[in-house]
Amino acid sequence: MVTIRLTNSKTRRKEDFRPIDSSNVRMYVCGPTVYDRAHLGNARPVVVFDVLNRLLRHVYGEGHVTYVRNFTDVDDKINAEALRRQKAGVPGTLEELIHGRTEETIAWYHADMDALGALRPDHEPRATEYIGQMVAMTQGLIASGHAYAVEGHVLFRVRSYKDYGKLSGRSVDDMIAGARVEVAPYKEDPMDFVLWKPSSGEEPGWDSPWGKGRPGWHIECSAMSHELLGESFDIHGGGLDLQFPHHENEIAQSACAHPHGDFAHYWLHNEMLQVEGKKMSKSLGNFFTVRDLLDQGIPGEVIRFVFLMTHYRSPMDWTAEKARQAEATLRKWRAATAEVAASAPLVSVIEALADDLNTAGALAALHVAAGEGDWAGLKASAVLLGLLEPAMGSWSSAPDVDLSAQTQRLIDLRAAAMASKDFSAVDALKAALVTAGVEVRMSKAGIELVPGPDFDPAKLEALQ
RNA sequence: GGCGGGUUGGCGGAGAGGUUACGCAGCGGAUUGCAAAUCCGUGAAGACCGGUUCGAUUCCGGUACCCGCCUCCA
């Protein structure tokens, strides 16, 4: 069996991956807060961990992997949007409006991530469906002295967990020195974080031993991963930005609530996304969603390919030039493999992926296979990477147009030109065809006209 | 201020202590009436300064610059 090696944020080293139970490899990835369309940065962890999910299934077997990715549907941004709708006169209770907003966003998310070729996880739990577990976990943490209730809040006592800060490499004292934490008079320690907070009438809330309220952000992942994957599981993933404080707090809560488990064995963090060399942000005006790109006609498969060009632990720069290259490569490969039956994935590709998800190396191996004409191997390997899937390829198929009249005309003109040595008429027609996005292939054997990516039927019409 | 990461040829982007990454672009050739497409070939790198070593772009230290998180935009 192939040994997968992964860089574990917990140890800061590349380690051999040894699952707790190879008949049920368990992975939890932090999913989106569902208040709006997923932006391009949201899509990176989705693709990264989709590749890992596919690799694990390839190595351990389709039925031997459990992949969980949550939806955070309790959040102040969602509340704000629901409240805005209510004030705008949309009928329904606040809870109903919140639910409507999250359902709508989840449907968008599914559609957009499906377009990127990401397989749906085995479980996609929603925070609102696990409030009971969160309350129970919070109660347990209070009982064991790791949390305290005060003024309707429940706070986690950071000093009660000796390894707090280990994942992100900081000590509690370091963090306080940096001191950009919310100062609240009821906190025992400035670093203590919220497990439960009170809700006003304009916020969604659930009954609890501490009054009507809602959970803090971090507790949901601890509760849901425990419920679905157990006290100890194999892999926990997410964006690097989540390492602190989100994952640090998850570890503290879970370790203290379940002292006999050891939570996640391997922590994986993908680096951030940039756009044309800069951080994507609304203020820089380079902020866009996955749907924006799809609507511009950039296929999801092309977006996926661009993501795979960069190793997941390096910052990835989204550029138009990369999209252009990715599209050209995919067109070539799709054309070459259209009629080919996939064989088995290439060893070179599996080895690259097994080496800490080296997707760039895997793509290079695909290029090598293309150079050798091993299209069957290329196809099988590409499918493992979530590329060249038949269902994703409609964008690359040539427009169904009849160019036989133009072809014949060009043949006639060329035949005449061969005799007269005056090629001006041939060149004129050829130039017009090229302008219309038609590729002109002339050889001794004949002439072939192929509609290309920029094919424009209107310009062709003008030639008639 | 604290913590972490990065700096590879024109561009993108990997691995490996010594032997070709790979792709795009470029250049040369084949092919073509000329092109396109295709095929063949090819030049080009490792921020800077030290150290370890027979040998470092690859290991160690320092400098410069860039980036991320600590501010619920992943």
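No hydrogens, no waters, no symmetry mates; every other heavy atom, side chains included, goes into these values. Here is the naming used below: chain letters follow the sequence lines, and residue numbers restart at 1 for every chain.
Rounded to a whole angstrom, the distance from the C1' atom of rU58(B) to that of rG18(B) is 11 Å. A distance of about 23 Å separates the P atoms of rG15(B) and rG68(B), rounded to the whole Å. For the P atoms, the distance linking rA14(B) with rG9(B) amounts to 13 Å, nearest Å. Nucleotides rC3(B) and rG46(B), compared at atom C1', are 28 Å apart to the nearest Å. Rounded to whole Å, the P atom of rU8(B) lies 14 Å from the corresponding atom of rC66(B). Nucleotides rA47(B) and rC67(B) are separated by 15 Å at their C1' atoms, to the nearest Å. Here the separation of rA56(B) from rC65(B), taken at their P atoms, is 28 Å to the nearest Å. Separating the C1' atom of rA21(B) from that of rA44(B) is a span of 14 Å, rounded to the nearest Å.
Using the six-membered ring where Trp is involved, His218(A) and His246(A) have ring planes that are tilted, between 30° and 60° apart. By the 30° and 60° cut-offs, the orientation of the rings of Phe193(A) relative to Tyr164(A) is parallel. Between His247(A) and Trp267(A), the ring planes lie tilted relative to each other; the angle falls in the 30° to 60° range.
Annotation: Phe156(A) is not in aromatic contact with Tyr161(A) [ring centroid separation under 6.0 Å not met].
A salt bridge between Lys77(A) and Glu81(A) is absent, with no side-chain N of the basic residue lying under 4.0 Å from a carboxylate O of the acidic one.
Nearer to the 5' terminus of RNA chain B, by closest-nucleotide assignment, is the contact made by Leu363(A) (compared with the other of His39(A) and Leu363(A)). Each of Lys282(A) and Ser314(A) was assigned the nucleotide of RNA chain B with the nearest heavy atom; the assignment lying further toward the 5' end belongs to Ser314(A).
Counting only N and O atoms by type, the side chains of Gln408(A) and Asp412(A) include a donor and acceptor under 3.5 Å apart.
For rG13(B), the OP1/OP2 oxygens have a side-chain nitrogen or oxygen of Thr310(A) closer than 4.0 Å.
For Asp427(A) against rG33(B), a side-chain N or O and a base N or O form a donor-acceptor pair under 3.5 Å. Looking at Lys430(A), its side chain comes within 3.5 Å of the base of rC34(B) through a donor and an acceptor atom.
Residue Arg313(A) is out of contact with every strand shown, counting any heavy-atom pair closer than 4.0 Å. Within the 4.0 angstrom heavy-atom criterion, only backbone atoms of the sugar-phosphate kind lie near Gly169(A); the bases stay farther away.
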Legend entry - Secondary structure string for RNA chain B (Watson-Crick or G-U under 3.5 angstrom, | for other-strand pairs): (((((((..(((.....[...))).(((((.......)))))....(((((..]....))))))))))))....

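For residues 285-295 of chain A, the side chain to side chain donor-acceptor pair (under 3.5 Å) pairs, not counting sequence neighbours, are Asp112(A)-Arg291(A), Thr289(A)-Asp292(A).
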